[in-house]
Amino acid sequence: MKYFIVTGSSRGIGEAISKKLLNTEHHLFCISRQSNSSLIAMANAENVALDSIEFDLNDVHRIDELMQTILRRIDESNIESIYLINNAAIVKPIEHIDQSDSNEIIRHMNINLIASMLLTSSFIKYTDHLNLDKRILNISSGLSFNLKPRLSCYSTSKAGIETFTKSIGVEQEDVKIMAVRPGAVDTQMYEESIITDEHVHKVKLANPSYAADRILTFLFDRFEHGKVVKGW
Ligand SMILES: NC(=O)c1ccc[n+]([C@@H]2O[C@H](COP(=O)([O-])OP(=O)(O)OC[C@H]3O[C@@H](n4cnc5c(N)ncnc54)[C@H](OP(=O)(O)O)[C@@H]3O)[C@@H](O)[C@H]2O)c1
């Protein structure tokens, strides 16, 4: 059995990734604040093990406990590999930094960066005794280096996840880690992040299914430990 922990599975890219992973040889743990009834129905119809976990990743002090709870549900007598996909993120606040609410800035960094760091830490710690293929895939963005006014929190959190990925790549050997920067994808986040008309007219949007295929190609076939790569 292959185990997958996917954050942000209620919609967008995370939902598309989770749907592509539905397979009777896979067991999915899907984390988001809202559960995804269509994903759960598909898993039930296809007889796929899927645990839907309603959890707010802003609740960073409970993340270690969350990972322990997930890993306790794994059947260690029948495990081939385990994957963590840190996909959940938010784009707000979309505001000049001096106009941004401090709680929104903290929430942003918690969800986009701290939660992924803590999930990574707990994942490595509690799978240490398992001698098998263990991979972490972090979803970044080209906005980590392509900087725009009013998106400083997003760019900073994505630059942070990229540096974190490279750092863990240098530090860890047993667990493999990489980050992918998807291109623009037609999701709620993309809608929320439109800040100029030029942005709307010039960008070619991929659909979430295409994005999920590209991302999973990196996870399974083109994994490069410690690297940050462009998705397409
Ligand atoms: N769309 C693009 O053009 C694009 C481009 C480059 C990179 N990306 C990256 O791709 C990833 C997915 O983005 P998307 O476009 O699919 O976004 P999306 O449609 O807005 O979906 C975001 C997901 O994250 C979850 N999430 C948000 N806040 C959460 C919280 N506090 N706790 C738990 N889960 C939370 C949401 O679930 P709930 O609301 O149910 O909690 C949702 O499932 C992100 O890392 C994003 O930065 C997107």
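Predicted, not measured: the structure shown is a model, and the values here were computed from it. Counting starts at 1 for both ligands and their atoms, in listed order.
- Residue nearest to atom 34 (N) of ligand 1, selected from A206, S32, S141: S32 (by heavy-atom distance).
- Of all heavy-atom pairs spanning G8 and N87, the tightest one is O-ND2, 3.2 Å.
- Atom 21 (O) of ligand 1 has R11 NE, 3.5 Å as its closest protein atom, hydrogens excluded (heavy atom only).
- Between atom 29 (C) of ligand 1 and the options E192, R33, R107, M189, the minimum heavy-atom separation is to R33.
- Distances below 4.0 Å separate heavy atoms of S9 from the following atoms of ligand 1: 43 (O).
- P182 O, 3.5 Å is the protein heavy atom nearest to atom 6 (C) of ligand 1.
- Heavy-atom separations between G183 and ligand 1 include at least one value shorter than 4.0 Å.
- Close approach of ligand 1 to Q34 is summarised as follows: ligand atoms under 4.0 Å from at least one heavy atom of the residue are 39 (O), 40 (O).
- Within the 4.0 Å heavy-atom criterion, neither part of P208 lies near ligand 1.
- The closest approach between any non-hydrogen atom of K158 and ligand 1 is below 4.0 Å.
- Contact check on D64 versus K125 returns a salt bridge, with a Lys/Arg side-chain nitrogen under 4.0 Å from an Asp/Glu carboxylate oxygen.
- In summary, the atoms of ligand 1 found under 4.0 Å from a heavy atom of I111, numbered by their order in the structure, are 31 (N).
- Within ligand 1, the atoms closer than 4.0 Å to a non-hydrogen atom of A184 are 3 (O), numbered from 1 in the order shown.
- Closest protein heavy atom to atom 8 (N) of ligand 1: Y154 OH, 3.7 Å.
- Where the criterion is an N or O separation shorter than 3.5 Å, residue side chain and backbone included, L57 meets it with respect to ligand 1.
- In this structure a side-chain-to-backbone donor-acceptor pair under 3.5 Å is missing from S121 to M117.
- With V6 as the fixed residue, the side-chain contact (heavy atoms from CB on, under 4.5 Å) test singles out one of I13, I31, L21, L50: L21.
- Across the listed options N112, V185, I13, I13 owns the non-hydrogen atom lying nearest to atom 48 (C) of ligand 1.
- Polar contact check, G8 against ligand 1: a nitrogen or oxygen pair lies under 3.5 Å apart.
- Checked against the 6.0 Å centroid criterion, the rings of F4 and H27 do not qualify as a close aromatic pair.
- At least one heavy atom of S140 sits closer than 4.0 Å to an atom of ligand 1.
- Counting only heavy atoms of the protein, atom 12 (C) of ligand 1 lies nearest to N87 OD1, 3.1 Å.
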Give the intermediate values and the outcome of ring-ring contact (aromatic ring centres under 6.0 Å, His included) for residues F55 and F29. CA-CA 12 Å; F55 187 91; F29 295 94; over 10 Å; no

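- Contact annotation for F55 and ligand 1: only backbone heavy atoms (N, CA, C, O) come within less than 4.0 Å of the ligand.
- Ring centroids of F123 and Y83 are separated by 6.0 Å or more, keeping the two rings apart.
- Listed by first then second residue, pairs satisfying side-chain hydrogen bond (donor to acceptor under 3.5 Å, both in side chains) with a partner in residues 3-19 read R11-Q188, E15-K19, E15-N36, K19-S38, not counting sequence neighbours.
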CA sep, side-chain torsions, deciding dist, call: I114, L118, side-chain contact (heavy atoms from CB on, under 4.5 Å): CA-CA 6 Å; I114 308 292; L118 297 177; 3.7 Å; yes

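- Every atom of ligand 1 with a heavy atom of A89 under 4.0 Å away is listed here by number and element: 22 (C), 24 (O), 27 (C), 44 (C), 45 (O), 47 (O).
- In this structure, atom 35 (C) of ligand 1 lies nearest to the protein heavy atom A88 CB, 4.0 Å.
- Counting protein heavy atoms only, atom 42 (C) of ligand 1 is closest to S10 OG, 3.5 Å.
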Only pairs under 3.5 Å count here: list side-chain donor-acceptor contacts from residues 169-180, not counting sequence neighbours, and write none if there are none.
| unit_1 | atom_1 | unit_2 | atom_2 | d |
| --- | --- | --- | --- | --- |
| D174 | OD2 | K134 | NZ | 2.6 |
| K176 | NZ | E173 | O | 2.5 |

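- Counting heavy atoms only, I139 comes closest to atom 10 (O) of ligand 1 of the residues D56, I139, D186, T7.
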